Amino acid sequence: MLLAAFSAPTVSRKPFWETFADPGGHLFGKRIHDPFLGGGSTVVEAARLGAMASGTDIDPLACLIARHELSPPDVETLSKYGKRLADYLCSRLETLYHSPKSEWTPLHWFWIYIVACPSCKAKAPLYRSLVIARDMRKTGAVVRDSAQTVFCPDCFDVHHLASPTAKRFTCCGHHDIRESTFSNLKFHCPSCEKHADHSQLKTLKAEPRLLAVEETHATKRRRIRAAHRGDRARVRSAQAFVDTNRADLLLPEGTFTKPRRDPRPLSYGAESHLDLFYTRQLATFGLAFSWIRDCRANDHVKEALMLATSHALAFNNRLCGYATDYGRLSALFSVRSYSLPALSAELNPLHPTAGRGTLLRILRKRLTETRTVVRRAAWGMKAQQVYTQEFQFADTLRSEIRCASALSPNVSPDPIDFSFFDPPYFDYIAYSELSEFYRAWLDLGDIEGTPLLPDTSDPVASFATALAAAIAALRSKLKPCAPFAFTFHSGSNNAWRAIAEALASAGECITAMWPVLADPHMGHHGAAGACEWDLVIVCRPDGLCRPGRSPSISRWRRAVQPLTIRKTDLEAFKVALGALRGLFGTIPTARNTSASRRRHEG
C-alpha cells in the first residue's frame with residue numbers, strides 16, 4: 001500500500017515487485033501518518049522504507065509499544081538485564097512453585113470455583129465438564145499416556161481413562177464425563193435447580209479450589225495428578241511471601257474504570273486489578289516490576305524490560321483457560337474480551353523449558369531477537385509464486401509518536417504526503433478497557449481522549465460524526481490533492497452507513513476500493529459468519545473528482561483467483577457497496593486537472 005501510493009499510475013507489475021523486494025529507502029523524504037496507531041504496522045513499515053513516520057493514539061500503551069518497535073534498546077544490554085531478572089526471580093521464588101529435588105516440574109495448576117447459589121445459598125463446584133485433558137491425536141497436541149484425564153466432582157480425585165470414547169467412570173458413584181453445573185453461560189444449582197450467571201455468582205469472589213497439577217519430566221510424557229497437601233502448602237507460602245514483602249512488591253493500585261461499555265470483569269466480582277491474579281502471580285510479577293524499577297539500566301532498557309514482562313501477564317492470570325484437546329494454555333483476550341473459564345489454568349512462569357507464555361521464555365525471546373532483520377514474503381514475477389527473504393534495516397527508524405487523539409491539531413509538524421490507517425471497529429470492541437489490564441501494571445495512566453465508538457442511543461450518527469471529524473483533521477494536514485486510505489470490514493449495514501456518512505460529511509470521494517484477505521481461518525476470525533476479507537478504501541477530496549462507477553464484486557472474485565471469497569464476505573461486500581453508492585469518483589485526466597482544481601478552490 002505504501003509503495004503503491006507513491007508509484008506512477010502506469011507502473012507495471014515487474015518493477016513494482018522488484019521495488020517491493022528491495023529494502024532500500026524508497027520513500028525517503030515522504031511523510032506518512034497514521035491517526036489510529038494501534039499496533040503500529042503503518043508507522044513501522046513507513047519508517048523502514050525511509051519515510052518520516054508519525055502516528056497518534058489515545059492509548060499510551062500503543063504509543064509505548066510503537067516507540068520501542070521503531071527504536072529498540074541495544075540487544076546485548078537488554079539481554080544482560082533480562083538474564084539478571086530471570087536469575088533473580090528464580091532465586092527468590094523457585095520454592096513457591098516446586099521442589100528443586102523433584103524429577104517432575106509443575107507446568108499448570110488447575111483451579112475450579114466453589115460458588116454459592118444466590119437462591120438457596122448451597123455451595124457447589126462450577127464446571128463445564130469433568131474432563132481436564134484429552135489426547136485426541138490432533139496435530140500439534142500434547143501426547144499423553146492416557147486418552148482422557150477426568151476428575152470426580154465429589155472428592156476431586158483425578159482419574160485416567162484409557163479409551164478416548166469412554167463416557168463414564170466410577171468414583172463416589174457413577175459419573176458421566178459430560179455432566180456439568182455450568183452450561184449456556186449459566187450455573188445450575190444441584191440443590192435447588194435454580195440458574196445464575198457470573199454476575200449473580202460474583203465468581204471471582206468465590207472460593208478457588210486447587211484441583212490438579214500438570215507436570216513435565218526430562219524423559220517422560222507429561223502427567224496430570226490430583227493436587228496434594230504440598231501443593232496447597234506452596235500456595236499458602238506464596239500468600240505469606242506477599243504479606244511479608246508487600247512493601248517491596250510493585251503491584252497495580254486502584255480499581256477498574258467505571259462506567260464501562262463491557263461490564264466484565266466487574267460483573268465477575270473483580271473490583272481491583274489484583275483480583276485477576278493468583279497469589280503466586282502477584283508475588284512473581286510484583287517482584288519482577290520492582291526489580292526493573294530499581295535496577296541500574298537506563299530508562300529505555302527499563303521500559304523494554306517492563307513491556308516484555310507485561311506481555312507475560314496475558315498468560316499468567318485467573319482468566320486463562322486450557323485447551324483440553326491440545327494441552328495448551330488459552331491466554332487472556334484470545335477472544336478480545338475478559339472471558340472467565342470454568343477451569344482456570346495457572347501457569348508456572350518460571351518453568352525452564354515448557355509452557356506457552358512463561359516469563360522466562362518471553363524474556364529470552366523478546367529481549368534477544370534482532371528487530372532490524374525482518375522476514376518478508378515477496379512475489380516472484382518469473383516463477384509466479386511467493387518467496388521469502390530477509391531484509392536488514394537501520395537500528396533506529398525516523399518517527400514521531402504522540403499519545404493524542406486523531407482530532408489533535410498538531411498531529412504532524414509538516415504536511416503529510418499519505419495516510420494509511422485502520423479505524424476502530426463499529427461493533428463496540430472497547431480496546432481501551434482491555435489495555436487497562438496492562439496499563440495498571442505499567443503505571444501508564446488513563447487514555448488521552450474519548451475512544452471512537454458508537455453511542456448506543458444513535459450508533460450510526462455518533463460514529464459517523466466522530467470519524468468525519470477525525471478525517472477532516474487529517475485532511476487539514478495532508479498536502480493538497482493527497483490521498484488517504486483505510487481498511488474496514490463488517491457485515492453490518494449500520495457500520496457501512498456510518499462509514500458512508502462520515503466520508504460524505506468530510507467531503508471525501510472514493511477513487512479506489514478492493515478486497516484483501518486479512519484473517520483467513522484464524523481462530524474466532526475464521527468462524528462461520530466472521531469476515532475474512534477487509535476492504536481497502538482510497539479517498540481524495542470530492543471537489544477534485546468526477547462521479548464514477550462503483551466496483552464490481554464479480555470482477556473482484558475473478559481478480560483474487562485462485563483464492564475464494566466465502567458467502568459471508570460476499571454479503572458484506574454487497575452491504576458495503578450499497579451503503580457507499582454515490583461516493584465513488586474518478587481522478588480527472590491531466591488536461592482537466594487544472595480546471596477541476598480551480599473549481600474546488602472557488
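Source: prediction; values computed, not measured.
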- Walk me through it: do T358 and N348 pass the test side-chain contact (heavy atoms from CB on, under 4.5 Å)? CA-CA 7 Å; T358 61; N348 179 356; 6.0 Å; no
- Any chance you could lay out the side-chain contact (heavy atoms from CB on, under 4.5 Å) test for L332 and F437, step after step, and finish with the verdict? CA-CA 10 Å; L332 177 64; F437 173 81; 3.6 Å; yes
* To do: Give the intermediate values and the outcome of side-chain contact (heavy atoms from CB on, under 4.5 Å) for residues F488 and S490.
  => CA-CA 7 Å; F488 197 77; S490 178; 4.0 Å; yes
Stepwise side-chain hydrogen bond (donor to acceptor under 3.5 Å, both in side chains) test for H159 and T149 = CA-CA 6 Å; H159 298 264; T149 302; over 6 Å; no
Please assess D197 against S199 for the test side-chain hydrogen bond (donor to acceptor under 3.5 Å, both in side chains), listing each intermediate value before the final yes or no. CA-CA 5 Å; D197 58 25; S199 64; 2.6 Å; yes
Problem set entry | Intermediate values then yes/no, side-chain contact (heavy atoms from CB on, under 4.5 Å), T324 and I132 | CA-CA 6 Å; T324 302; I132 299 175; over 6 Å; no
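Contact detail for R364 and P352: the closest heavy-atom pair is NH2-O, 3.4 Å. The heavy-atom pair separating L350 from C90 by the smallest distance is CD1-CA, 4.2 Å. Between P153 and P125, the closest heavy-atom pair is O-CG, 3.9 Å.
Figure legend: cation-pi geometry between R209 and W111 absent, as NZ or CZ is not positioned both under 6.0 Å from the six-membered ring centre and within 45° of its axis. In this structure, R318 satisfies the cation-pi test against Y278, with its NZ or CZ atom closer than 6.0 Å to the six-membered ring centre and inside 45 degrees of the ring normal.
When atom types are taken as modelled, the side chain of T284 and the backbone of Q281 share no donor-acceptor pair closer than 3.5 angstrom. Not a single donor-acceptor pair under 3.5 Å links the side chain of T170 to the backbone N or O of G173. The backbone N or O of S330 sits nowhere less than 3.5 Å from a side-chain atom of S334 that would complete a donor-acceptor pair.
Side-chain contact check for H198 and T203: at least one donor-acceptor pair (N or O, by modelled atom type) lies under 3.5 Å. There is no side-chain donor-acceptor pair under 3.5 Å between S339 and S337. Judged purely by distance below 3.5 Å, without hydrogens or angles, the side chains of D455 and S457 pair a donor atom with an acceptor atom. At a cut-off of 3.5 Å, with distance as the only test, a side-chain donor of R92 or Y88 sits close to an acceptor on the other residue. In summary, the side chains of E303 and H68 do present a donor paired with an acceptor at a separation below 3.5 Å, with no hydrogens or angles considered.
In this structure, R137 does not pair ionically with D325, as no charged nitrogen and carboxylate oxygen lie closer than 4.0 Å. Using a 4.0 Å cut-off between charged nitrogen and carboxylate oxygen, E214 and R144 count as a salt-bridge pair.
Contact of the L126 side chain with the I112 side chain is not registered, since no non-hydrogen atoms from C-beta on lie closer than 4.5 Å. For the pair E179 and L130, the minimum side-chain heavy-atom distance is below 4.5 Å. Taking the side chain as every heavy atom from C-beta outward, S344 and P208 never approach each other to under 4.5 Å.
With sequence neighbours excluded, the residues forming a ring-ring contact (aromatic ring centres under 6.0 Å, His included) with W441 are F277, F289, listed by chain and number. Residues meeting the ring-ring contact (aromatic ring centres under 6.0 Å, His included) test with H311, sequence neighbours left out: F315. In this structure P190 satisfies the side chain to side chain contact (heavy atoms under 4.5 Å, CB included) test together with A124, T181, F187, sequence neighbours excluded. The side chain to side chain contact (heavy atoms under 4.5 Å, CB included) test applied to E103 returns H217, not counting sequence neighbours. Applying the ring-ring contact (aromatic ring centres under 6.0 Å, His included) criterion to H351, with sequence neighbours excluded, gives no partner residue. Legend: residues meeting side chain to side chain donor-acceptor pair (under 3.5 Å) with E433, ordered by chain and number and at least two apart, are absent. Among residues two or more places apart in sequence or in another chain, the side chain to side chain contact (heavy atoms under 4.5 Å, CB included) test is passed with D154 by C152, C172, H175. By the ring-ring contact (aromatic ring centres under 6.0 Å, His included) test, Y326 pairs with no residue at all, sequence neighbours left out. Applying the side chain to side chain contact (heavy atoms under 4.5 Å, CB included) rule to A196 yields the partners P118, Q200, L201; only residues at least two apart in sequence or on another chain are considered.
Screening F426, Y425, F573, W496 for a ring pair (Phe, Tyr, Trp, His ring centres under 6.0 Å) with H489, the sole residue that qualifies is Y425. Remark: of the listed residues L276, D262, N317, L276 is the sole one forming a side chain to side chain contact (heavy atoms under 4.5 Å, CB included) with Y338.
For K83, the NZ atom is loosely surrounded, since the number of other residues' heavy atoms within 6.0 Å does not exceed 12. The number of heavy-atom neighbours closer than 6.0 Å to NZ of K194, taken from other residues, nucleotides and ligands shown, is 12 or below. Enclosure of atom NE2 in H228 by more than 12 non-hydrogen atoms of other residues, nucleotides or ligands within 6.0 angstrom is indicated.
Sorted by first and then second residue, the salt bridge (charged side-chain N to carboxylate O under 4.0 Å, His left out) pairs involving residues 273-286 (not counting sequence neighbours) are K205-D275, R280-E346. Applying the salt bridge (charged side-chain N to carboxylate O under 4.0 Å, His left out) test to every pair with at least one member in residues 434-445, sequence neighbours left out, gives these pairs: D59-R439, R260-E436, R439-D446.
Taking CZ of R67 as the reference point, atom CG of L37 lies at 9.0 Å (rounded to 0.5 Å).
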Output side-chain donor-acceptor pairs under 3.5 Å for residues 243-254, partner residues at least two apart or in another chain, one line each.
unit_1	atom_1	unit_2	atom_2	d
D243	OD1	Q239	NE2	3.0
T244	OG1	A240	O	2.8
N245	ND2	F241	O	2.8

